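In what follows, a structure is listed as structure tokens, so that the remarks can point back to it.
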Amino acid sequence: MRHLLEMKSGLKYNTDIIPIIGIHSPWHDEAVGYYHDDLRNRLLNEIEIESAPGELFKYNNYNTSFLGLIIEEATGLTVSKYLKEKLWHTSMEYDALFSVDNDESGFEYVPSRLVARAIDYAQFGLLYLNNGVLNGKRLISASWIKLSTSETLASSQIQYPNWFNSENCERTYYSLHWWGHVNCDGTKQFFASGNLGQNIYVIPDLQIVIVHTGNSLKYYGDSDMWHISNILRHDLNKKSAVD
């Protein structure tokens, strides 16, 4: 489970690009996993291991799908029902759900199809900002919050994709299904990064949570949130110096 959470499972994941035109192939596993009509069967019978678990980072949506399968088997509930029972109905304002591969199978696609309101994404960010406490009630242990959002020093930085073009003392890392940004002064931000511009961005030292929703990456990317946090930190430090 730790390997699945860290994206170090060693599971094979096709990321082929069609030459010349430079777009993902139709058999790219992100597309196959997203549109497959019996994903549970594919996970259990078709996915192969291509490298030793625990060694190499490779972002792979099958890791998250396997975690969903584990929750189903361990609890006897769908992921959305388990989420509702343990967290959502006690703390969030609106219902949330995952879409499924088909009505007969009913397997929820947990890597990217959580349908929820922005205000509840913000509540989830606040839960992590407050070390597992929301509205005065502890919902997640502080130790898990720290573990799941902190940089793993044993991981080599070169494993992570240079999506944010950082060439100085700033760096990006991946923890237990959370991304993180480390600033030159040692402060950090951590964030959930969804498809097409969905973000929950938590800035602990500024006590700020930012939620961004969208349907395109044409004018927006995760690095924009890093830039915003730097501007906020600069402006607040400037204000403090004046005061």
Side-chain angles (χ1 to χ4, degrees), residues 1-19 21-36 38-73 79 98-99 101 107-114 144 146-167 170-182 188-202 217 221-223 225-226:
M1 288 178 64
R2 178 69 180 256
H3 294 155
L4 294 171
L5 286 164
E6 291 182 332
M7 296 288 176
K8 294 181 181 178
S9 63
L11 294 173
K12 187 175 182 179
Y13 197 67
N14 185 320
T15 57
D16 285 352
I17 301 293
I18 298 176
I21 59 177
I23 64 173
H24 289 308
S25 66
W27 52 89
H28 185 286
D29 266 315
E30 184 165 349
V32 173
Y34 199 90
Y35 293 108
H36 202 282
D38 191 355
L39 187 57
R40 185 187 289 105
N41 179 68
R42 178 166 175 77
L43 292 173
L44 294 176
N45 298 300
E46 299 179 18
I47 305 303
E48 301 175 356
I49 295 177
E50 65 176 358
S51 62
E55 293 186 356
L56 299 176
F57 172 88
K58 186 175 185 179
Y59 195 90
N60 179 340
N61 283 334
Y62 291 144
N63 290 323
T64 312
S65 289
F66 268 109
L67 289 169
L69 188 62
I70 290 170
I71 290 174
E72 274 195 350
E73 291 296 313
V79 175
F98 287 99
S99 59
D101 51 7
F107 186 71
E108 296 173 333
Y109 191 72
V110 293
S112 68
R113 292 185 189 171
L114 176 63
W144 176 257
K146 182 178 180 180
L147 178 66
S148 61
T149 61
S150 296
E151 184 175 19
T152 303
L153 297 179
S155 297
S156 171
Q157 183 61 28
I158 62 174
Q159 292 184 13
Y160 304 126
N162 190 25
W163 290 338
F164 308 107
N165 300 314
S166 179
E167 298 177 356
E170 298 174 327
R171 62 186 183 276
T172 300
Y173 66 89
Y174 193 84
S175 189
L176 306 185
H177 266 48
W178 285 91
W179 287 99
H181 290 153
V182 180
K188 70 173 184 180
Q189 299 85 243
F190 57 87
F191 60 102
S193 178
N195 195 24
L196 300 178
Q198 322 306 321
N199 282 125
I200 304 171
Y201 202 85
V202 183
L217 294 175
D222 292 328
S223 59
M225 283 296 176
W226 198 348

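Position 1 is the first residue of the sequence; numbering continues from there. If you're wondering where the values come from, they're calculated on a predicted model, not measured in any experiment.
Taking the six-membered ring wherever Trp is involved, the centroid distance between the rings of H3 and F66 does not fall below 6.0 Å.
Here D101 pairs with nothing under the salt bridge (Lys or Arg N to Asp or Glu O under 4.0 Å) rule; sequence neighbours left out.
Partner of H181 under the ring pair (Phe, Tyr, Trp, His ring centres under 6.0 Å) criterion, chosen from Y201, Y174, Y173, F190: Y201. With L147 as the fixed residue, the side chain to side chain contact (heavy atoms under 4.5 Å, CB included) test singles out one of T152, L5, L176: L176. Screening N61, N60, T15 for a side chain to side chain contact (heavy atoms under 4.5 Å, CB included) with E30, the sole residue that qualifies is N61.
Nearest heavy atoms, G180 versus F191: N-CE2, 3.9 Å. Between L11 and I49 the shortest heavy-atom distance is CD2-CG1, 3.9 Å.
Using the six-membered ring where Trp is involved, Y13 and Y62 have ring planes that are perpendicular, over 60° apart on the 30 and 60° scheme.
Applying the salt bridge (Lys or Arg N to Asp or Glu O under 4.0 Å) rule to pairs touching residues 59-73 yields R40-E72, sequence neighbours excluded.
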Practice task
Test D29 against R42 for side chain to side chain contact (heavy atoms under 4.5 Å, CB included), laying out the working first.
Solution key: CA-CA 11 Å; D29 266 315; R42 178 166 175 77; 2.9 Å; yes

Problem - Test side chain to side chain contact (heavy atoms under 4.5 Å, CB included) applied to V110 and L67, step by step - result: CA-CA 9 Å; V110 293; L67 289 169; 5.9 Å; no

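To the nearest 0.5 Å, atoms CG (L4) and NE2 (H177) are separated by 8.0 Å. For the atom pair I47 CD1 and K12 NZ, the distance stands at 9.5 Å (nearest 0.5 Å). In this structure, NE2 in H36 is found 12.0 Å from CZ in F107, a value given to the nearest 0.5 Å. Interatomic distance, OG of S112 versus CD of Q198, reported as 9.5 Å (0.5 Å rounding). The CZ atom of F57 lies 6.5 Å from the CE atom of M7; values are rounded to the nearest 0.5 Å. Note that CD of E151 and OG of S175 are 9.0 Å apart. Values are rounded to the nearest 0.5 Å.
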